[in-house]
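Working notes, beginning with the structure itself.
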Amino acid sequence: MSGTFGKGHHLHLIDGSAFIFRAYHALPPLTRKSDGLPIGAVAGFCNMLHRYVEGNTGPDAPTHAAVIFDKGSHTFRNDMYGLYKANREAMPEDLRPQMPLTRTATEAFNIACKEKEGFEADDIIATLAVQARAAGGRCTIISSDKDLMQLVGDGVEMLDAMKNKTIDRDGVFEKFGVFPESVVDVQALAGDSVDNVPGAPGIGIKTAALLINEYGNLEALLARAEEIKQPKRRQTLIDHAEQIRLSRRLVLLDENTPLDFTLDDLEVRDPDADTLLGFLAEMEFRTLSKRVAEVLGREAPVIAETSPALPDAPQADDVPFDAEKYEHVADADALQKWIDAIYEVGYVAVDTETTGLNEMTAELVGISLSTEPGKACYIPLIHKAHGGDDLFGSDDLAEGQMPVEQALQMLTPMLEDQSILKIGQNMKYDAKIFAQIGITVAPFDDTMLMSYAQHAGLHNHGMDTLSERYLSHTPIPIKPLLGSGKSAITFDKVPLEEAVKYAAEDADITLRLWQFLKPQLHRAEVTKVYETLERPLVPVLAAMERSGIKVDRDTLSRMSNAFAQKMAGLEDEIYEIVGRKFNVGSPAQLGEILFDEMGIEGGKKGKNGKYSTGVDVLEDLATEHDLPARVLDWRQLSKLKSTYTDALQTHINADTGRVHTSYSIAGASTGRLASTDPNLQNIPIRTEEGRRIREAFVAEEGKTLVALDYSQIELRILAHIADIPALKEAFARGDDIHAMTASEMFDVPMEEMTPEVRRRAKAINFGVIYGISGFGLARNLRIPRSEAQGFIDRYFERFPGIRTYMDDTKAFAKEHGYVQTLFGRKIHTPNIGAKGPHAGFAARAAINAPIQGTAADVIRRAMIRMPDAIADLPATMLLQVHDELLFEVEKGAEDTLIAAAREVMENANDPVVKLDVKLTVDAGTGANWAEAH
DNA sequence: GACATCACG
DNA sequence: GACGTACGTGATGTCC
């Protein structure tokens, strides 16, 4: 299609800067081999352009396209407002020299490349989009920048290339709560911390959308600001009217940027093969050159090897994923070739396929390996013929598999060879599967933990997330292979051809992630965290999980029956009071009965129109009415029964008679572990009835359980980090820390301390760790907010270091985007700059993270040292509950174990971190967990 | 699958 | 000075 741009034409506008920054952050700091020129961002940029061009086929392909860049740092917006984009970080040093190369790259692909001094790319995009619309054509803006959303509609849409998601008018509404024509009004009110647009203080996108929807537009709102009911909001709008108008001018895109070209100049052109291949060769992008050459039907240019390729050097340009190329290894010859290749490079990505997710019961089905990007294999071992269908004889193995013994005999020396690095994603899983059959995998790297060490708090660390984020590749989903629900099958029933593609791809992805993430560890300065706090924990946890803890089924069963009886009794009483039967377990039904039928005052509805019937609400009502108290009792029993006495029984392993939890190392952002399937970190203890559940956790015959827990570890760490002399001295003296706080705050001598005063001080101490607020403390203590605020003020007065710590921590988080523990663990705080309600949330999390995270690091270090420290004792470490370790030991050796374990725990910070406060550990023993704690 | 609720540190 | 508020988790049951 040609001629003047108009109806039937389709313009693509690519936000060049977004491409560059994404490429820069997604790739390691690659350099050109011949001269060391940084080219990581250019490499990523070229890959993205290539992928973009290749993806543009079919009827919706653009007829016109351009990549638009920013030019110069000073624009007309800086003249309007000196602080515009003032808090932007300077461009990284290794990115600067790459900027001109991205323009050259765009031209090499023969795509129009446009920029204009003094104008932002957004303004040029706006101008072109409006021109395209006026001419009757369509326009797609390839960007996810919210500043461009004001342009959407009437033939203009956006495409988030990252998520491959189109943003239309409805998409804009989802983001802003208004349609595109009102976006600037909302942005003017909400401001933007990234671009430093001031907006109206205290008003975020939600409130802004509410106001604009009510008043129609910004000018109408400002004109009628006096009518607003909320006093603060009204005053803000009146006081900051000019600032808001300025903000609107800042976010409003200029649709009349003077341009020295027309839409017709942007017509899509085929690249010139020589120019493009020449450029790629000059950049020394080997693989991309090959790919592009293939597409163009040309010979790939020869690029000299100017320096020997390092074995673990990341590839500057990536190999495309191609599941067809994965190898199905079916005999000893083929496997031997792989083992030889592994010894050649010294490392291998390994992944296991099994019959289930529970490593204690799952059986090994096959193994996949990868030694370089794009090169991977799957060694199926016990896949069933015909998908295990009974009609054909269910136990027949599929053809094309080597005997399990033979495969393992060949692989085991390699898996255990100290000179071969095994790379896994969540290696604890594979290590446990191999441990089941007597294979100890070592040494190893774990890509999940590498990601966690660098990016805790930013995103999760599952393979799908990492692959999409860092390899721009969506892995083959497992769902279609296994099905779901009742008809779900296990992996050994998956046909070999499909199994090879899926399984080998996992190894391929893992290897690529490792090549990408490993050099980044150093760049992010978290190598020590990974090497000392993450990786060494894997074998320790694997051993604990495999040990499990003995749980007595009869005890649970008896308790379950008792609970059921009590619940039935309570149900009768509840129905009696209400006058009919209903589902006591339904908060919705209960809410209506309490507040509508019975007419009790004080019902509060939540966001979906249901009354809240949480424990706080019911406890308040219980002083006046019988029903809430009964319901609370019923709920407690229901919880204990369903979650503990019943569910726990289903987790008792048939072979071991024990319960084997699984710890996630990379789940909690602060560095804490999390326990799942079942969660053994939330077994009841606070109420007498719940505590009895712990009686079912028992020691084996002839053994005893020993529990050791850190005393007040978070408060001790707070005393150290915030440097509070009074707290440090109290810990040194061994004082009751809450009583001391109370005495200091309320001027009560320690000898005359009452439980009530101490309770309040305790709540405040905890509040401080959580990033205290008057509201939260008031709610916790059930006192007026003003009184709670008074306590907090007094606390800050007596312990001024706390305030400094809080302020410094928030400032650090704002500046760096993360906070750190004493051991260097980073916890990212992406929402710290948010406006509105999110801000307080993020600030409190930032204040808490170094404290909770340091405590988590301390016990991790203790756990890592523990196996050696107790190696000569007849003892096993079973469980970790954040500040507690539970052991099982032969009778008679309790004291020796306590001495050894306490020594490790109390000195776990040594020698990396020197603490001003001593860590102390309390110990207990017993035949069951209730006694030991 | 979202939400409410409640178990733990 | 106000948006809604204590920090971090996981499992269960209801209800759409």
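Hydrogens, waters and symmetry mates are skipped; everything else that's a heavy atom, side chains included, is used. Residue numbering restarts at 1 for every chain, and letters A, B, ... go by the order of the sequence lines. Quantities reported herein were computed from a predicted structural model and do not represent experimental measurements.
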It should be established whether Arg779(A) places a side-chain nitrogen or oxygen under 4.0 Å from OP1 or OP2 of nucleotide dA6(C). yes
Heavy atoms, side chains only, cut-off 4.5 Å: are Gln636(A) and Thr687(A) in contact? yes
Are Lys428(A) and Glu545(A) close enough for a salt bridge, meaning some N to O gap below 4.0 Å? yes
So, does Arg686(A) get its side chain near the phosphate of dA7(B), meaning an N or O under 4.0 Å from OP1 or OP2? no
Answer yes or no on whether Lys605(A) is positioned over the face of Tyr611(A), meaning its NZ or CZ is under 6.0 Å from the six-membered ring centre and within 45° of the axis. yes
When the P atoms of dA4(B) and dA6(C) are considered, how many whole Å apart are they? 13 Å
Base, sugar-phosphate, or nothing for Asn679(A), non-hydrogen atoms under 4.0 angstrom? sugar-phosphate
Consider the side chain of His882(A), meaning its heavy atoms from C-beta on, and name the nucleotide among dT5(B), dG9(B), dT5(C) that approaches it most closely. dG9(B)
Nearest of dT14(C), dG10(C), dA6(C) to any side-chain atom of Asn583(A)? dT14(C)
Among dT12(C), dA6(C), dT5(C), which nucleotide sits nearest the side chain of Thr643(A)? dT12(C)
How far, in whole Å, is dT5(C) from dT5(B) if one measures between their P atoms? 13 Å
Are the aromatic ring centres of Phe791(A) and Tyr795(A) under 6.0 angstrom apart? no
Calculate the interatomic distance between Met559(A) atom CE and dA7(B) atom P; express it in whole Å. 14 Å
Nearest of dG10(C), dC3(C), dG8(C) to any side-chain atom of Thr676(A)? dG10(C)
Salt-bridge contact Arg672(A)-Glu714(A) (side-chain N to carboxylate O under 4.0 Å): yes
Under 4.0 Å between any heavy atoms, over every strand shown, what does Asp709(A) touch: base, sugar-phosphate, or nothing? Just pick one. nothing
Closest to the side chain of Lys232(A), out of dG9(B), dG1(C), dG10(C), is dG1(C)
Any idea which of dA6(C), dG10(C), dT12(C) is nearest the Ser642(A) side chain? dT12(C)
From C-beta outward on Gln852(A), which listed nucleotide comes closest to its side chain: dC6(B), dT5(C), dG9(B)? dG9(B)
Sugar-phosphate, base or nothing in reach of Ile685(A), heavy atoms under 4.0 Å: sugar-phosphate
Considering Watson-Crick and G-U wobble pairs with both distances under 3.5 Å, what does dC3(C) pair with? none
So, under a plain 3.5 Å distance rule, would you say the side chain of Ser586(A) forms a donor-acceptor pair with the base of dT14(C)? no
Do any side-chain nitrogens or oxygens of Arg672(A) fall under 4.0 Å of OP1 or OP2 in dG9(B)? no
Where does dC3(C) fall, syn or anti, if syn means a chi angle no more than 90° from 0? syn
Closer than 4.0 Å, any side-chain N/O of Ser669(A) to the OP1 or OP2 of dT9(C)? yes
Give the nucleotide from the list dG8(C), dG10(C), dA6(C) with an atom nearest to the side chain of Thr670(A). dG8(C)
Is it true that Glu787(A) and Arg782(A) have a side-chain N and a carboxylate O under 4.0 angstrom from each other? no
Choose from dC6(B), dG4(C), dA11(C) the nucleotide whose nearest atom is closest to any side-chain atom of Arg844(A). dG4(C)
Considering only side-chain heavy atoms of Asn848(A), which listed nucleotide, dC8(B), dA6(C), dC7(C), is closest? dC7(C)
With sugar-phosphate meaning primed atoms plus P, OP1 and OP2, does Tyr644(A) contact a base, only sugar-phosphate, or nothing at under 4.0 Å between heavy atoms? sugar-phosphate
Regarding Ala763(A), tell me which of base, sugar-phosphate or nothing describes its non-hydrogen contacts under 4.0 Å with the strands shown. base
Within the 4.0 Å heavy-atom criterion, would you say Asp883(A) contacts the bases, only the backbone, or no part of the nucleic acid? sugar-phosphate
Side-chain N or O of Gln230(A) closer than 4.0 Å to phosphate OP1/OP2 of dC3(C): no
Worked check of side chain to side chain donor-acceptor pair (under 3.5 Å) between Glu571(A) and Trp634(A): CA-CA 8 Å; Glu571(A) 276 162 32; Trp634(A) 183 91; 2.8 Å; yes
Mind checking if Thr613(A) touches a base, just sugar-phosphate, or nothing, with heavy atoms under 4.0 Å? sugar-phosphate
